[in-house]
Protein chains: 2
Amino acid sequence: MRSPPSTYQEGFSVKKLSTRQQGILEFLESFIDEHGYPPTVRDIQHGCSISSTSVVDYNLRHLEREGYINRDPDVSRGIGLTEGSYGRRDNVVSLPLLGYIAAGTPIPVPTAEGWASTEPLDSVDVPTYLTGGRRDVYALKVKGFSMIDALIDEGDVVVLEPIRQAQNNDMVAAVLTDTNEVTLKRFYAEGSRVRLQPANSQMEPIYVDADKVEVHGRVVAVLRIM
Amino acid sequence: MRSPPSTYQEGFSVKKLSTRQQGILEFLESFIDEHGYPPTVRDIQHGCSISSTSVVDYNLRHLEREGYINRDPDVSRGIGLTEGSYGRRDNVVSLPLLGYIAAGTPIPVPTAEGWASTEPLDSVDVPTYLTGGRRDVYALKVKGFSMIDALIDEGDVVVLEPIRQAQNNDMVAAVLTDTNEVTLKRFYAEGSRVRLQPANSQMEPIYVDADKVEVHGRVVAVLRIM
DNA sequence: ACACTTCCCGCACACATGTGCTACTTCTAT
DNA sequence: ATAGAAGTAGCACATGTGTGCGGGAAGTGT
């Protein structure tokens with residue numbers, strides 16, 4: 001929200017904003033938040049202790065050129081934050097929390113279809129940049145400590161995109177059909193069998209026949225509250 | 001969204017809206033959605049094919065009296081939908097992304113005060129349940145792979161609450177003042193010295209004098225995009 | 001028919017508000 | 001130093017915009 005459009009993933013190519021521009025941006029945000037409509041140039045002037053409307057205009061032009069805001073010319077209060085405020089609900093998506101997943105102590109898979117047809121226990125709001133705009137994404141809560149090897153701890157929430165066919169190196173929720181165990185591992189297809197690789201070199205990979213494994217989803221994000 | 005505020009419960013007092021008022025309400029909604037700011041009386045006039053501004057005003061008064069909208073008198077575009085559109089961002093908060101943190105390769109701490117006075121590089125929207133409503137929370141991006149032992153991977157974003165005094169077992173961002181290294185570890189006070197404990201039993205803890213350590217923040221959440 | 005309410009119309013006043021103009025200050029690089 | 005760029009200041013003009021006023025049209029009950 002504070003950065004020009006696309007930069008988040010890459011690191012940040014943020015052109016520096018002057019203190020005043022930063023201040024205007026913050027004022028803009030809180031004003032809209034408080035009033036429900038954008039401020040006028042003079043609102044900004046007084047709110048930011050600026051002595052002239054033209055200075056506000058000058059800096060607003062700057063902010064628009066840098067992509068922080070949109071302006072509608074000749075329209076009173078015609079200022080909008082680019083990613084902001086109004087569209088912000090679009091930056092959050094509510095995911096169904098379908099159940100628990102663990103490695104060591106297997107949890108029975110509710111239905112043959114996996115969690116897909118399960119009633120959600122709860123729901124979690126996550127920012128869209130975590131899901132990358134994918135559809136039908138769901139969340140599972142990690143139970144037990146046996147998946148520390150995958151950098152995932154008890155209580156973590158994993159966000160999964162439902163897939164049937166994994167690519168190598170994907171971290172997947174896989175069901176071993178003969179034992180009905182479900183586990184989070186990295187996936188590697190090796191001929192007729194599949195290697196399920198922990199992330200910790202201290203632990204041994206699991207090898208199973210390809211037809212004994214069902215991939216239910218691929219982990220796209222992890223959330224941990226400590 | 002279409003029903004008047006509190007009166008609805010009681011039953012009756014719902015005065016029916018005229019077609020025109022219904023239309024104005026819908027126009028209001030779509031206009032705000034499209035432009036990011038409320039319409040003027042004249043915008044409504046043209047948008048709803050009304051021949052006079054006073055008619056719009058008349059109906060707006062009506063809508064306000066019935067509780068469908070709020071108006072700020074003498075303020076251009078000072079119209080707001082009561083239940084609407086604006087107040088639903090309470091479940092997301094925008095945190096400043098203040099910089100990087102790593103264990104192995106120490107990164108110079110910008111100022112003696114830590115990141116507190118640093119210009120944010122970017123910002124990250126996170127759901128409020130991750131911060132637990134704490135104030136002054138900030139985010140750091142993890143650089144380098146040397147913190148896998150703490151279940152934290154390269155590129156993860158850690159959310160920190162600024163604290164000066166850590167409790168045992170807290171995961172903290174700690175600065176070793178003599179080498180100016182900053183690291184994420186679990187914190188244990190042991191007499192006059194401090195043990196900074198990795199989460200991996202394969203790795204040795206760091207022992208330092210208590211006065212050689214500055215705790216800057218406590219990790220309250222971790223985000224990982226895979 | 002009558003009064004009465006609700007709703008509509010056109011207009012115009014007063015102020016709100018975006019923007020252009022000119023001049024001045026501060027910063028920055030040569 | 002010095003020139004150019006970036007930022008600040010004050011003002012004024014044209015237009016945007018909320019609101020009030022007199023009056024008309026349409027429904028409603030008696």
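Predicted model only: the values in this text are computed from it and were never measured. Each chain gets a letter, A, B and so on, in the order the sequences are listed, and its residues count up from 1.
Comparing atom distances between the B:His62 side chain and each of C:dC7, D:dG20, C:dT19 picks out C:dC7 as nearest. The side chain of B:Ser52 lies closest to C:dC11, out of D:dG18, C:dT19, C:dC11.
Regarding contacts with the backbone of C:dG18, every side-chain N or O of A:Arg61 stays at 4.0 angstrom or more from both OP1 and OP2. Note on A:Arg71: a side-chain N or O is less than 4.0 Å away from OP1 or OP2 of C:dT19. Put simply, B:Arg77 has a side-chain N or O that comes within less than 4.0 Å of OP1 or OP2 on D:dT17. Applying the 4.0 Å criterion to OP1 and OP2 of D:dG10, one finds that A:Ser51 has a side-chain N or O inside that range. Considering only side-chain N and O atoms, B:Arg42 lies nowhere under 4.0 angstrom from the phosphate OP1 or OP2 of D:dT19. For the pair B:Asn59 and C:dT6, the criterion of a side-chain N or O lying under 4.0 Å from OP1 or OP2 is not met.
DNA chain C is contacted by both B:Arg20 and B:Val75; B:Arg20 maps to the nucleotide lying nearer its 5′ end (nearest heavy atom per residue).
Closest of all the heavy-atom pairs between A:Asp43 and A:Phe27 is O-CZ, 3.5 Å.
A donor-acceptor pair under 3.5 Å is absent between the side-chain atoms of B:Asp209 and the main chain of B:Ser192, judged by distance alone. Between the B:Arg218 side chain and the B:Glu161 main chain, no donor and acceptor come within less than 3.5 Å of each other.
The side-chain heavy atoms of A:Ile32 and A:Tyr37, taken from C-beta on, include no pair separated by under 4.5 Å.
Heavy atoms of B:Ser54 sit under 4.0 angstrom from at least one base atom.
With a 6.0 Å radius and a threshold of 12 heavy atoms from other residues, nucleotides or ligands, B:Gln167 has its CD atom at or below the threshold.
Per the geometry, OH belonging to B:Tyr58 stands 18 Å off P belonging to D:dG24, to the nearest Å. The CG atom of B:Asp74 sits 18 Å away from the P atom of C:dC13 (whole-angstrom rounding). Atom-to-atom, CG of B:Asp57 to P of D:dG20 comes out at 7 Å; the value is rounded to the nearest Å.
Under 3.5 Å, the side chain of B:Thr53 and the base of D:dT19 form at least one donor-acceptor pair of N or O atoms.
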